[in-house]
Amino acid sequence: MDRRALEYFETVARLGSVSGAAAEMSVTQPAISKQISRLEAELAVRLFHRTPTGMSTTAAGQVLLELGEDVLSRFERAEGIIKSRFRGQSSFRIACPHSTADILASFISARDAPIVDVEILLANELDGVLDREVDMAVSSLSPPRSRAQLPVATIPITVQSQPDSNARFGTASHVDLESLKDDWVIVARSGVQVVVTKAMSGFGTPAMIRDVSTGAMAQALAANGHGHALVTEPARFGLQTLPAYADNRPLEIVHHASWDATHYASDELRRLARELRQFMTDDWEWRQTTSS
């Protein structure tokens with residue numbers, strides 16, 4: 001079993017067809033089919049159910065898919081180790097929520113950062129991939145204490161509402177969350193949710209908090225009158241925005257970069273995190289695409 005065969009197998013399993021895999025891998029269909037047949041013969045099991053509508057993994061194929069993804073990830077990490085240690089070519093994979101990818105893209109463009117790809121996940125999924133698929137996570141959720149980590153930015157939370165809803169705040173310079181205790185507030189499942197839930201927990205009545213996947217989704221719902229979006233993104237969809245306060249203090253979240261403390265390039269990852277922090281301090285372009 002070699003790496004190429006595993007890559008072909010994984011692509012067919014993911015796409016459900018030989019033709020799709022051939023197109024993605026830029027090879028011929030017979031080349032894909034030959035590798036799959038050879039792999040099945042080598043393992044003495046059927047890996048796919050073949051139907052007129054496509055291909056799906058058998059029970060054995062599903063096990064190989066799960067194991068094969070780990071093996072391919074280890075191949076990539078091995079390449080990274082060799083390039084980093086012996087060729088001076090560091091290249092890291094970063095996991096982050098969707099909109100944070102825009103921040104990282106700006107960072108890569110401005111600083112030529114040694115990041116080769118970004119894996120986009122929900123904030124609560126990020127730490128789980130650090131041990132096998134990526135080198136660093138960037139998120140507004142606090143990492144486990146066992147991780148090496150560095151705060152890279154402090155970002156204010158704003159209240160965004162339809163203009164008619166915001167009119168109630170008059171000429172106020174900010175919105176105290178206690179004034180929203182009888183309204184629905186909409187937050188992303190991220191550090192924003194943690195901060196807002198904690199701030200509203202002492203108001204004496206159960207908080208009316210609706211959690212959604214992203215800040216953009218919170219904004220979309222607020223734009224249609226379903227509540228107030230508490231987000232870090234710039235206002236859109238015609239929403240009006242004011243800073244969010246609690247106990248006379250602005251609400252903020254902290255973005256952290258985190259990584260495995262035993263990572264082969266831990267020192268380089270710390271330098272990368274410091275460069276990201278400096279970028280987010282000095283360069284303000286990223287604030288136009290801030291994520292929850």
Side-chain angles (χ1 to χ4, degrees), residues 94-110 118-126 138-141 152-200 203 206-246 249-255 279-280 283-292:
I94 311 296
C96 65
H98 186 274
S99 297
T100 307
D102 292 330
I103 299 175
L104 292 175
S106 296
F107 172 55
I108 295 167
S109 174
V118 171
E119 183 165 345
I120 299 173
L121 300 168
L122 295 177
N124 60 6
E125 298 174 336
L126 297 176
V138 178
S139 173
S140 58
L141 287 178
V152 295
T154 300
I155 303 171
I157 299 172
T158 61
V159 178
Q160 297 184 14
S161 316
Q162 288 181 319
D164 290 346
S165 299
N166 249 19
R168 62 188 269 198
F169 305 124
T171 59
S173 60
H174 63 267
V175 177
D176 194 289
L177 285 195
E178 191 165 7
S179 68
L180 303 179
K181 65 181 181 181
D182 296 322
D183 296 352
W184 279 102
V185 298
I186 312 167
V187 298
R189 289 187 284 272
S190 66
V192 172
Q193 181 182 18
V194 175
V195 170
V196 170
T197 300
K198 181 178 180 180
M200 298 187 76
F203 293 159
M208 298 168 62
I209 301 175
R210 177 176 179 179
D211 62 280
V212 294
S213 56
T214 66
M217 187 64 194
Q219 291 173 310
L221 291 173
N224 283 282
H226 296 292
H228 304 274
L230 271 71
V231 297
T232 57
E233 286 87 347
R236 53 178 169 174
F237 306 139
L239 296 174
Q240 292 188 350
T241 182
L242 286 169
Y245 272 58
R249 292 179 296 180
L251 283 186
E252 300 172 325
I253 59 170
V254 178
H255 268 57
F279 168 76
M280 296 181 80
D283 297 336
W284 292 81
E285 178 186 350
W286 65 269
R287 291 188 182 272
Q288 300 308 308
T289 53
T290 299
S291 70
S292 296

- Could you pull out the closest heavy-atom pair between Ser213 and Leu122, with the gap in Å? O-CD2, 4.0 Å
- Query: What are the two closest non-hydrogen atoms of Pro97 and Ile120, and how far apart are they?
  - Reply: C-CG2, 4.0 Å
- Is the backbone N or O of Ala229 less than 3.5 Å from a side-chain atom of Gln160, with the two atoms forming a donor-acceptor pair by type? no
- Message: Measuring from atom CG of Leu180 to atom CD1 of Ile209, what distance do you get when rounded to the nearest 0.5 angstrom?
- Response: 10.5 Å
- Query: Between Val138 and Ile94, is any pair of side-chain heavy atoms under 4.5 Å apart?
  - Reply: yes
- Query: When rounded to the nearest 0.5 angstrom, what distance separates NE2 in His228 from OG in Ser161?
  - Reply: 4.5 Å
- Message: If only side-chain N and O atoms count, and only distance matters, is there a donor-acceptor pair under 3.5 Å linking Thr214 with His98?
- Response: no
- Using a 4.5 Å cut-off on heavy atoms from C-beta on, say whether the side chain of Ser140 contacts that of Ser190. yes
- Message: Any side-chain to backbone donor/acceptor pair from Asn224 onto His226? Under 3.5 Å, distance only.
- Response: no
- Note on the structure: Here the gap from Ile186 atom CD1 to Leu221 atom CG, rounded to the nearest 0.5 Å, amounts to 4.5 Å
- Task: Measure the acute angle between the ring planes of Phe107 and Phe279, then classify it against the limits of 30° and 60° as parallel, tilted or perpendicular.
- Result: tilted
- Which distance, rounded to the nearest 0.5 Å, do you find between the CE of Met280 and the CG of Leu104? 8.0 Å
- Item | Which atom of Val159 lies closest to which atom of Ala244, heavy atoms considered | CG2-CB, 3.7 Å
- Note on the structure: CE (Met208) and NZ (Lys181) are apart, to the nearest 0.5 Å, by 12.5 Å
- Closest heavy-atom pair, Gln162 versus Leu239, reported as atoms and distance to 0.1 Å, is N-CD2, 3.8 Å
- Item | Flag, side chain of Gln219 to backbone of Pro234, donor-acceptor distance under 3.5 Å | yes
- Query: Any idea which heavy atoms bring Leu126 and Ser139 closest together, and the distance?
  - Reply: CD1-CB, 3.2 Å
- Query: Sub-3.5 Å donor-acceptor pair from the side chain of Thr197 to the main-chain atoms of Gln193, do we have one?
  - Reply: yes
- Item | Stepwise side-chain contact (heavy atoms from CB on, under 4.5 Å) test for Val185 and Leu177 | CA-CA 9 Å; Val185 298; Leu177 285 195; 5.7 Å; no
- Any side-chain heavy atom of Val212 sitting closer than 4.5 Å to one from Val187? no
- Would you indicate whether the side-chain heavy atoms of Ile253 and Thr232 approach each other to under 4.5 Å? yes
- So, does Ser179 use its side chain to make a donor-acceptor pair with the main chain of Val175 at under 3.5 Å? no
- Message: For the CE atom of Met217 and the CZ atom of Arg189, what is their distance to the nearest 0.5 Å?
- Response: 10.0 Å
- Heavy atoms of Leu141 and Gly191 approach each other most closely as CD2-N, 3.5 Å
- Item | Criterion side-chain contact (heavy atoms from CB on, under 4.5 Å) on Ile155 and Glu252, from CA distance to verdict | CA-CA 5 Å; Ile155 303 171; Glu252 300 172 325; over 6 Å; no
